[in-house]
Amino acid sequence: MSDQLSIGIIGTGVMGSDHAHNLARGVRGARLAAIADADESRARALADSLGGAQPDGGPRVFTDGREMIASGAVDAVIIAAPDPFHAPLALACLEAGLPVLCEKPLAPTAAEAAEVVRAHDALARPLMTVGFMRRFDPGYLALRDRLASGADGALLMTHSVHRNVEAYPGQDSSATVTNSAVHEIDILPWLSGHEVVEVQWAAGRASSLISERHDPQLLLLRDAAGVLHTVELQVHAQYGYDVRCELVCERASVELPPVPALVEADEVIVSSGLARSSAYPADWRPRFAAAYRAELAAWVGASLEGRLPDGGATARDALRTTVVAEAIVRSMEQDGARITVPSIDDALNGRA
């Protein structure tokens, strides 16, 4: 492979556009070569808006992601299309031998994700990275480093909070798990170093502000070392995008820093009129902007070297996350029953 990666992006929604702008601003060793979207006018508008940001002009526009993959115009692909298209597009990339960064989830179901993992396992070299960007977030990295140091003794429990301003329309209660909680389902085993083996879903009084799903929800995840992880999710919280994580260890409690420390340099905490206040981001993009940039740079650098990025989520990691999410949904459907999480081998052999 050359010393520059020509990247194609499939999907021009929120994440596809963000990746395109990050690439156009400059990522060492990368250029945005193509954009694909079924909505040609939207894809062309994005390409035109970025044309002046690159020395060789704007990226090529395709109306079909598979056509872009087969065109020879790209060396690597970012999949940011709607979730149901992730698995088939990922399989097309693997068949073409192209490194791929697929936004989460790898697939809506464990069966589809397992198909991608089986195809990936058969390759001569690894090509698949899945976009669980919290692994590149400075705050979560600091938590992991602190835990690895052993300064606070063994990890006993974690508490996480994940709140969105408003929920996507047209989704039910299970989407809170499969679309939002998957970030915690990925990052908590990454922090603790142990897989989740048992799950339980719970909920109390539901918000009157949203009728399509039960909000908020509480998840209990127990890992192989016996650590209990609690995750509170509120996808229609109104006040702001808010992510928290606390590690309860034998000798200390360790937490993510407050939002303003990680969002923008000009965010401030204001004390005035007998009150103290600070701003919250409207969604996940400003909160995890640094993580997205670091993830993209790591993926580009690793792809140029023919390997996967250090610390990134693999296809197997993504499959495991989907298996755990499906177990939580089963607990939800069984009125909060404790559910044992199937193994990766069970998922790969159709027994999950």
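Residue numbers count from 1 along this sequence.
For the pair L296 and L23, the minimum side-chain heavy-atom distance is below 4.5 Å. Two residues are said to be in side-chain contact when any heavy atoms from C-beta on lie closer than 4.5 Å; T230 and T158 fail this criterion. A heavy-atom distance below 4.5 Å is not found between the side chains of V227 and L156. Looking at V231 and L221, their side chains come closer than 4.5 Å, going by heavy atoms from C-beta outward. For the pair I344 and L319, the minimum side-chain heavy-atom distance is below 4.5 Å. Side-chain contact between Q217 and S173: present, with at least one pair of heavy atoms (C-beta onward) separated by less than 4.5 Å. Under the 4.5 Å side-chain criterion, counting only non-hydrogen atoms from C-beta, L247 is in contact with L191. A heavy-atom distance below 4.5 Å is found between the side chains of Y241 and V243.
Note on V196: it does not cluster hydrophobically with L220, by side-chain heavy-atom contacts below 4.5 Å among ILVMFWY residues. No single ILVMFWY cluster, assembled from side-chain heavy atoms under 4.5 Å apart, contains both L218 and V235. Under the 4.5 Å side-chain heavy-atom criterion for ILVMFWY residues, no single connected hydrophobic cluster contains both L219 and V161. Under a hydrophobic clustering in which Ile, Leu, Val, Met, Phe, Trp and Tyr are joined whenever their side-chain heavy atoms come within less than 4.5 Å, directly or via other members, V197 and I185 fall into different clusters. A single hydrophobic cluster is seen to contain both W190 and V323, as judged by linkage of ILVMFWY side chains at heavy-atom distances under 4.5 Å, directly or through other members.
Note on R135 versus D317: salt bridge recorded, some NZ/NE/NH1/NH2 to OD/OE distance being below 4.0 Å. Look at D186 and R134 and you find no salt bridge, because none of the NZ, NE, NH1 or NH2 atoms lies under 4.0 Å from a carboxylate O. A salt bridge links R244 with D242: the distance from a Lys NZ or Arg NE/NH1/NH2 to an Asp or Glu carboxylate oxygen falls below 4.0 Å. By the 4.0 Å N-to-carboxylate-O rule, R287 lies close enough to D137 to be salt-bridged with it. A salt bridge between R42 and D37 is present, with a side-chain N of the basic residue lying under 4.0 Å from a carboxylate O of the acidic one.
A distance-only check finds a donor-acceptor pair linking the side chain of D215 to the backbone of H236 [under 3.5 Å]. For R118 (side chain) and L348 (main-chain N/O), a donor-acceptor pair under 3.5 Å exists by modelled atom type. Judged by distance alone, with hydrogens and angles left aside, the side-chain atoms of H21 form a donor-acceptor pair with the main-chain N or O of S17 at under 3.5 Å. Using a distance-only test at 3.5 Å, with no hydrogens or angles considered, no donor-acceptor pair links the side chain of H183 to the main chain of F132. The backbone N or O of C249 lies less than 3.5 Å from no partner atom in the side chain of S253, so there is not a single donor-acceptor pair. Checking side-chain atoms of S6 against main-chain N and O of A33 turns up no donor-acceptor pair under 3.5 Å. Not a single donor-acceptor pair under 3.5 Å links the side chain of H162 to the backbone N or O of L233. For E295 (side chain) and F136 (main-chain N/O), no donor-acceptor pair under 3.5 Å exists by modelled atom type. A donor-acceptor pair under 3.5 Å is formed between the side chain of H120 and the backbone N or O of M128. Between the side chain of Q238 and the main chain of V165, a donor-acceptor pair closer than 3.5 Å is present.
What you find for G29 and L304 is that their closest heavy atoms are O-CD1, 3.7 Å. The two residues D75 and Q4 make their nearest non-hydrogen contact at OD2-O, 3.6 Å. Between E184 and P189, the shortest heavy-atom distance links the atoms O-CD, 4.0 Å. Of all the heavy atoms in A34 and V74, the pair that sits closest is CB-CG1, 3.9 Å. Closest non-hydrogen pair, A224 versus H194, comes out as N-CB, 4.1 Å. For S180 against N164, the heavy-atom pair with the smallest separation is OG-ND2, 3.7 Å.
Residues satisfying the salt bridge (Lys or Arg N to Asp or Glu O under 4.0 Å) criterion with D335, sequence neighbours excluded, are absent altogether. Taking D145 as the reference, nothing meets the side chain to side chain donor-acceptor pair (under 3.5 Å) condition, with sequence neighbours excluded. Judged as a salt bridge (Lys or Arg N to Asp or Glu O under 4.0 Å), and not counting sequence neighbours, D223 has no contacts.
If you check the side chains of D345 and S343, you find no donor sitting under 3.5 Å from an acceptor.
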CA sep, side-chain torsions, deciding dist, call: V329, T178, side chain to side chain contact (heavy atoms under 4.5 Å, CB included)
CA-CA 8 Å; V329 172; T178 58; 4.1 Å; yes

Applying side chain to side chain contact (heavy atoms under 4.5 Å, CB included), run through I7 and I78 and close with a yes or a no.
CA-CA 7 Å; I7 298 174; I78 296 174; 4.0 Å; yes

Passes side chain to side chain contact (heavy atoms under 4.5 Å, CB included), L155 versus V248? Steps please.
CA-CA 6 Å; L155 177 65; V248 180; 5.7 Å; no

Between I339 and Q334, does a side chain to side chain contact (heavy atoms under 4.5 Å, CB included) hold up when you go through it step by step?
CA-CA 9 Å; I339 302 292; Q334 296 177 35; 3.8 Å; yes

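With values rounded to the nearest 0.5 angstrom, D39 atom CG is found 11.0 Å from L46 atom CG. If you take OG on S160 and CD on E246, they are separated by 9.5 Å, rounding to the nearest 0.5 Å. In this structure, CE in M157 is found 8.5 Å from CZ in R222, a value given to the nearest 0.5 Å. Considering CD of Q200 and CG of L228, their distance stands at 9.5 Å, rounded to 0.5 Å. For the atom pair OG1 of T129 and CG of L308, the computed distance is 4.5 Å after rounding to the nearest 0.5 Å. The line from CH2 of W201 to CZ of R330 is 15.5 Å long, rounded to the nearest 0.5 Å.
Within the structure, salt bridge (charged side-chain N to carboxylate O under 4.0 Å, His left out) contacts touching residues 227-240 (residues at least two apart or in different chains) are R163-E232. Sorted by first and then second residue, the salt bridge (charged side-chain N to carboxylate O under 4.0 Å, His left out) pairs with a member in residues 201-213 form an empty list; sequence neighbours excluded.
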Could you go through residues 93-114 and list every donor-acceptor pair under 3.5 Å that involves a side-chain atom there, pairing it with any protein atom two or more places apart or in another chain?
residue : atom : partner : partner atom : Å
E103    : OE2  : H19     : NE2          : 2.7
K104    : NZ   : N179    : O            : 2.5
T109    : OG1  : E112    : N            : 3.2
T109    : OG1  : E112    : OE1          : 2.8
E112    : OE1  : T109    : N            : 3.4

